[in-house]
Each structure stands twice: as C-alpha cells, then as structure tokens.
Protein chains: 2
Amino acid sequence: MKKYTIKDIAKLAGVSKGTVDRVLHKRGKVSETALKKVNSILDDIDFKPNFIAKQLKNNKIYTICVLLPDPKKDAYWESCIVGINKAVLEFNAFGIHVEIYFFNPTSTASFLKANLTIQAVAPDAVLLVPLFFKEASTIIEEYSNSGITVSIFNNHINSSPAKNFIGQDLFQSGRIGAKLLSSIISKGGLAIIHIDEKYNNAIHMQEKEKGFKSYFQELNAPKYNIITYKLKHSNIEKTLTSIMAEHPELKGIFVTTSKSYQVAEILQNEHEKKIALVGYDLLRENISFLKKGNIDFLIHQNPKQQAYLGLKHLIEHFLFDKEIPSQILLPINIINSESIKTYTGD
Amino acid sequence: MKKYTIKDIAKLAGVSKGTVDRVLHKRGKVSETALKKVNSILDDIDFKPNFIAKQLKNNKIYTICVLLPDPKKDAYWESCIVGINKAVLEFNAFGIHVEIYFFNPTSTASFLKANLTIQAVAPDAVLLVPLFFKEASTIIEEYSNSGITVSIFNNHINSSPAKNFIGQDLFQSGRIGAKLLSSIISKGGLAIIHIDEKYNNAIHMQEKEKGFKSYFQELNAPKYNIITYKLKHSNIEKTLTSIMAEHPELKGIFVTTSKSYQVAEILQNEHEKKIALVGYDLLRENISFLKKGNIDFLIHQNPKQQAYLGLKHLIEHFLFDKEIPSQILLPINIINSESIKTYTGD
DNA sequence: GCTTAAAATGTGTTCGAGCACATTATATTT
DNA sequence: AAATATAATGTGCTCGAACACATTTTAAGC
C-alpha cells in the first residue's frame with residue numbers, strides 16, 4: 001500500500017536515482033549489474049510514478065479547438081456548448097485551453113475557412129462535427145499529418161483517419177422509433193418523414209429509416225404498412241395534409257430529424273383523429289408539443305453529452321495519458337411528456 | 001491567457017512570494033500597503049493557483065468508504081460497484097483510496113456493524129445508502145460530529161444532517177409510469193403492484209404510487225380505473241391470477257419495484273389477452289422479459305450513475321475544493337426492447 | 001539614542017519526476 | 001604506464017505552492 005518513489009527504489013537497489021531513471025525510461029548507459037539490481041527491486045514492488053509530480057514537471061498548456069455548426073443557424077447545436085463548458089469547468093484547474101469555432105452548416109466554404117483559422121492556431125487537438133463528408137475527410141487527414149489529434153462527434157465518417165468517434169447507433173435509433181410507434185398503435189398506416197433540412201444529413205436519415213423498417217420486417221406483421229416521404233420545409237403543411245387525405249389509414253408518423261414540431265404544428269389542428277408522433281431532440285418547440293401531447297415520444301440524441309465526452313476524453317488523454325476510445329455509442333434516451341422534466345438540469 | 005504564478009504576482013506587486021502567499025491565504029502579518037499592492041494585481045489578472053503543484057505539496061491520500069447493500073442479496077446494487085469502479089479509475093492518478101463495504105439489506109444490525117468498521121477506518125468521507133431511516137440518521141450524525149463528510153444516494157432522508165443526496169424524483173417517476181401505460185392502452189383497468197421486498201423501501205413505493213395516481217387524476221379520464229395491490233414474493237402467482245380473474249377489465253400493470261420480472265413470468269402464460277407491463281430497473285431477468293415483449297417499458301433508476309456521481313463529487317470536493325451539490329436528481333430514463341441494447345456499455 | 005519586542009517581509013526547503021550536466025570508473029590506444 | 005576515449009553513475013536544478021524559519025523593518029519603552 002505504500003507509495004514508492006524513485007528515491008526509494010534507488011536506495012533499495014543501492015544506486016542513484018539517475019540510474020533508476022535511466023532504467024525506467026530505457027535510456028541505456030546502465031551496466032548489467034545495475035540493471036539487474038534495479039529490476040529485481042522493480043519486480044518486488046508495485047511502482048507507479050507519481051502522476052502529479054510528472055505533470056508539474058511537464059507544465060504544459062494544451063490547446064483544444066472545437067468546431068461545430070453555428071447554433072444560430074440550427075438550435076440543435078446549442079446544447080453542445082453547454083457540454084463543452086461543463087468539461088472546461090471540470091478541468092479548469094489544469095492547463096487546458098479550449099477555443100470554440102462555428103461554421104455555417106449550409107456552407108462548405110465556411111467549414112473550410114474555419115479550419116484554416118484553426119490550423120493557424122496549431123492546437124494540440126481538434127474536436128469537430130464532420131458535417132461535410134468529403135471536406136471533413138481531407139481536413140482530418142491534414143490535421144493528422146500535422147500531428148494534431150482529432151476526435152469527431154455526431155456524424156460518423158467511415159473512411160476517415162479519425163478514429164475517435166462519439167455518437168449514437170442511428171440504425172438502432174430507427175428501430176427504437178419503430179418500437180415506440182408499435183407500442184402506441186396496434187395496426188394501421190405508418191409514415192417515415194424526412195424533413196429536408198437546409199444542409200444534408202442524409203446519412204442520419206437513411207440509417208434511421210433502415211432501422212425503422214428493419215423492426216417491422218422482423219415483426220412480420222402485415223397489419224402495418226409503411227410509407228416514406230421527404231418533405232421540404234417550405235411546403236410541409238400542404239404536402240402533409242395531402243398525404244393524410246390520401247392515406248386515411250395513417251396512424252403514426254416517425255420524423256427522422258429534429259423538426260418534428262413542424263409536423264406537430266399541423267397535427268394539432270386535426271381534432272377528429274389522433275395520429276401518433278415520434279421525433280428527435282429536445283428543442284424548445286419539440287418539448288412544448290411533447291408536453292401538450294401532440295408529440296408522443298422524443299428520442300434524445302444527447303448532443304450535450306456527445307460534446308462533453310468528446311472534449312473530456314481528449315483532455316484526459318493529454319493530462320493522464322489515457323487512451324481515447326475509438327468509438328463511443330451513447331445510450332439512446334426515450335422521453336415522454338412526464339420524463340422531460342427530469343432532463344432539464346444535468 | 002498566460003498562467004500566472006505566485007512568483008509572477010510577487011514580481012508585479014514588488015513584494016516577495018511569501019507576502020503574496022500570506023495575502024492569498026489571509027494569514028495576516030501583512031502591511032496595509034503591501035496588501036493593497038498585491039490585491040490590485042490580483043484584481044487585474046485572473047490568478048488560479050496551479051492545482052498540480054498544490055497537490056504535489058499536499059501529497060495526501062484521501063480515504064473514502066462506500067457502504068451499500070450486499071449485491072448478493074439484491075442484484076439491484078450490482079451496478080453500483082461498476083459506477084464506483086468507474087470513478088476510482090477516473091481518479092487513479094490522484095491520491096484517492098476507496099473502500100467498499102456491504103451490509104445485509106434485511107438486517108439493521110448488519111448496517112450498524114459495517115458502520116463501526118468504517119468508523120475504525122476513520123475515512124475522510126463516507127458515501128452510503130441510508131436504507132434504514134432511523135439507524136442511518138444516527139450514524140450520519142456521528143460521522144458529521146467526527147468531521148467526516150457524508151453523501152447519500154438512492155434513498156432520501158429528510159431529517160438527516162446529510163445534505164448531499166443523489167437520486168431520482170420518485171413522484172415524477174410514478175407519473176412517468178402512468179404516462180407510459182396511458183400511451184399503450186387507451187382505456188380499461190390499471191393496477192399498481194407493490195412487490196414487497198424482504199426489506200422495506202416503503203417510501204420509494206409510496207411516492208411512486210402517489211405520482212402514478214396524480215397523473216390520472218389530472219388527466220381526469222374516467223375511462224381508467226386504478227386498483228392497488230401489495231404482493232408478497234411467496235404467493236405472487238396465486239394472488240395475481242386471482243386478481244386478474246376478479247378484474248377481467250385489467251389492461252395494464254405498474255410494478256413499483258425492480259421485481260417486475262416476477263409479474264412478467266406469470267403474464268407470459270396468459271396468451272388470450274395482452275396486459276401492458278411497466279416496471280423498474282435493468283436487472284438481467286427484467287431485460288430478458290423486456291426483449292421477449294412481456295415487459296413493455298422499464299424505468300431506469302440508474303444506480304450505477306448514482307454511485308458514480310456520489311463518489312465523483314466527494315473526490316472533486318477534496319481534490320479541487322469543489323462544492324458538493326446538496327441534491328442531484330438524475331434524469332429518469334425510459335427503456336424499451338430496442339433501446340436496451342444501447343445501455344449495455346457506459 | 002539605545003534596547004527590545006513586535007510586526008512585516010524575505011528566503012529556503014519540500015513534494016517526486018525528469019533531465020542536463022558533472023563526476024567517476026572502466027576500457028582502449030599509443 | 002600514461003593519455004585519452006567511452007561508458008557508467010551521481011548530483012543538482014526545475015516545475016509551483018506551501019509553509020517553516022531567517023532576516024529586516026518599524027514601533028514601543030526607558
């Protein structure tokens with residue numbers, strides 16, 4: 001249980017701490033006899049170098065840049081900042097310097113420009129949302145070549161050299177949505193609705209759709225029939241009402257993006273029949289409709305936690321030499337009108 | 001952005017580091033003029049003492065004892081150990097020593113005995129599950145008098161001097177269960193079933209029942225009628241089948257404890273009609289029935305996270321001088337057969 | 001003005017690892 | 001055997017905060 005120091009070992013082995021140091025770090029210039037003496041002591045005891053002392057000697061300030069879509073353009077990203085601030089606060093006793101940058105999620109040029117700025121900063125690590133597949137891959141490659149550690153969250157990029165990803169299993173996410181709708185309604189028509197956002201997160205939507213369909217395929221229940229639509233924000237109301245007119249058997253809708261409130265808005269005027277609605281993300285508008293009962297369930301993608309963990313693992317990597325997990329898939333939270341209350345704080 | 005040291009401040013203020021030190025720690029023996037000089041510098045810059053150096057100087061090992069019911073007696077507590085180990089791992093670079101103790105949840109004597117052992121250890125803090133109201137209150141008082149910090153989790157004790165509690169809002173938890181059942185079934189009979197465990201966690205069950213009922217009262221829907229039963233483990237099958245015979249309108253069951261698998265076991269033989277079932281906690285048996293479809297939703301009380309956070313806040317209090325939050329109410333997670341997959345890891 | 005007490009201020013050491021540099025021991029060459 | 005090269009080992013300083021102790025300054029008393 002005693003904590004041994006290098007000095008202790010030196011004493012026990014009958015050599016100086018310099019020699020012990022050379023043995024520990026394999027710096028050579030140690031005689032056979034001295035090596036044996038030190039190693040025999042090291043075998044006997046459990047020596048762990050004092051991390052605190054190590055850090056003090058090192059005494060470096062690590063800079064980490066975070067790059068994400070501008071929350072002003074899409075409120076989904078707001079909570080990421082909360083998560084980042086949480087991590088910053090947690091480690092403010094250490095030499096960690098975090099800078100946050102935004103890019104316009106509708107503009108690849110903006111993404112590239114932001115990365116130029118970051119490259120000028122020359123940070124130790126970058127945590128980013130690789131919204132644009134192609135551009136992100138190149139950029140990440142560049143960072144890697146400069147010896148800058150890269151972690152990504154929210155979006156996965158298979159072919160990229162960045163190995164540290166934090167997000168959710170989108171396929172499974174779709175299955176969860178399917179299971180939820182099948183819990184609420186026992187038969188009838190179901191619609192998968194992709195609301196086309198200004199920027200393309202097609203992979204997200206596709207994976208969720210696949211998962212959703214796979215659930216019902218496995219269920220092998222012909223009592224459900226599933227239709228899929230891709231709506232544009234500009235004419236949702238018109239399209240949706242016509243879909244409903246065309247499909248009177250429609251009982252449930254699964255919205256694959258955070259824009260389910262736009263569907264809820266329209267559904268709330270449909271008084272004669274209740275259509276179940278499952279959507280994504282705890283946006284203010286979504287929460288409002290969830291509480292009112294127009295949205296039945298929200299699936300929580302937890303962007304706050306994604307950003308928090310991404311940053312935390314980078315920091316712990318630098319400070320404590322911990323390995324960064326190559327992939328973290330967060331639990332997918334199901335939220336209803338009553339449980340939403342418990343998600344406000346931490 | 002520069003990191004200032006005491007030496008820097010001394011230089012800027014034109015005094016020695018000893019004087020700066022005295023000002024920072026309010027140790028007195030500082031002249032009016034020197035005080036002013038140093039304070040004016042401190043006002044200008046953002047000085048945060050280097051935590052690493054502080055720790056190295058301090059070089060103390062903090063001992064924290066954790067006391068919880070024996071997981072061998074009730075599997076619910078198993079995951080607490082996982083949470084504790086997570087915290088221990090996270091801070092293993094620091095001087096933190098954690099000891100875990102168990103008590104028999106059916107025996108107050110065992111609880112008292114374990115606390116005697118802990119008191120002999122004389123730790124810096126204790127994290128415990130105050131299962132027995134009266135005994136826990138006394139014990140916590142004793143710890144406080146000895147200057148030992150106490151945090152509690154899972155159970156709340158109003159009248160105790162321990163202010164640091166981590167758990168969930170049980171009333172709200174009951175409301176969530178109610179909302180879930182009302183999502184699945186639109187009308188009919190509902191049963192609240194308390195399965196009497198060997199030890200009394202009556203407060204838990206009562207609060208959940210209150211919450212459950214309050215939801216339906218607010219809903220003001222006479223299409224539901226609610227019955228409440230308290231079952232003993234020994235004769236669940238007999239009692240439950242007689243209840244179902246007596247109440248053919250029964251459509252949903254809310255089990256307030258982690259023993260919903262016992263109900264599911266019986267329900268799986270009822271093939272002619274489907275009864276919705278909502279229960280608590282991710283025990284192996286519960287998960288199995290959730291996947292099979294006999295349990296519709298599980299409410300996750302997250303004992304792992306409760307233990308983890310309890311320990312983490314104690315550690316951060318000692319290491320970083322952070323204040324321990326007087327109360328943390330964790331989010332209440334809803335889990336279905338598809339989302340359970342995403343909860344296995346972290 | 002001198003002595004002594006008290007207050008104020010400064011100096012130096014410690015914590016443990018890490019590394020530069022100094023010193024000593026051994027081997028090689030002439 | 002002496003000179004030089006090379007290998008091996010030891011010493012001492014650094015990181016920044018904290019605190020004990022030494023030194024200086026100021027005030028009080030006669």
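Chain naming here is simple, since letters A, B, ... match the order of the sequence lines and numbering starts at 1 in each.
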Select base, sugar-phosphate, or nothing to describe what [X] touches, counting heavy atoms under 4.0 Å on all strands.
X: B/I6; result: sugar-phosphate
X: A/N59; result: sugar-phosphate
X: A/K54; result: sugar-phosphate
X: A/D21; result: base
X: A/R22; result: base

Give the rounded distance in Å between these two atoms: [atom1] of [X] and [atom2] of [N].
X: B/R27; N: D/dA17; atom1: CZ; atom2: P; result: 13 Å
X: A/K57; N: C/dT14; atom1: NZ; atom2: C1'; result: 17 Å
X: A/Y4; N: C/dC15; atom1: OH; atom2: P; result: 17 Å
X: A/K36; N: D/dA8; atom1: NZ; atom2: P; result: 15 Å
X: A/K26; N: C/dC19; atom1: NZ; atom2: P; result: 15 Å
X: B/K7; N: D/dA18; atom1: NZ; atom2: P; result: 16 Å
X: A/K29; N: C/dT26; atom1: NZ; atom2: P; result: 17 Å
X: B/L35; N: C/dA7; atom1: CG; atom2: C1'; result: 15 Å

**Prompt:** Under 30°, 30 to 60°, or over 60°: which ring-plane class applies to A/F91 and A/F320, parallel, tilted or perpendicular?
**Reply:**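 Answer is tilted, since the angle falls between 30° and 60°.
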Indicate whether OP1 or OP2 belonging to [N] is found under 4.0 Å from a side-chain N or O atom of [X].
X: A/H25; N: C/dG18; result: yes
X: B/S31; N: C/dA7; result: no
X: B/T19; N: C/dG10; result: yes
X: A/T5; N: C/dG16; result: no

**Item:** Evaluation steps, salt bridge (charged side-chain N to carboxylate O under 4.0 Å, His left out), between A/K60 and A/D124
**Value:** CA-CA 11 Å; A/K60 176 169 161 43; A/D124 296 283; 3.4 Å; yes
**Message:** Under 3.5 Å, is there a donor on one side chain and an acceptor on the other for B/N154 and B/Y76?
**Reply:**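 B/N154 vs B/Y76: donor-acceptor pair found between side chains.
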**Asked** Can B/E99 and B/Y101 be counted as having a side-chain donor-acceptor contact under 3.5 angstrom?
**Response**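 Distance-only check passes for B/E99 and B/Y101.
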**Message:** For C/dG12, does the base pair up with any side-chain atom of B/K17 as donor and acceptor (N or O, under 3.5 Å, distance only)?
**Reply:**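 Counting by modelled atom types and ignoring angles, a donor-acceptor contact under 3.5 Å is found here.
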**Request:** May I ask you to test the A/F51-B/F94 pair for a side-chain heavy-atom distance under 4.5 Å?
**Result:**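 Not in contact.
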**Request:** Consider the side chain of B/F47, meaning its heavy atoms from C-beta on, and name the nucleotide among C/dG10, D/dA17, C/dG16 that approaches it most closely.
**Result:**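 Of all the options, the side chain of B/F47 is nearest to D/dA17.
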**Request:** Would you mind telling me which residue lines up with the more 5' stretch of DNA chain C, B/A53 or B/T33, judged by nearest nucleotide?
**Result:**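 Upstream on the strand: B/T33.
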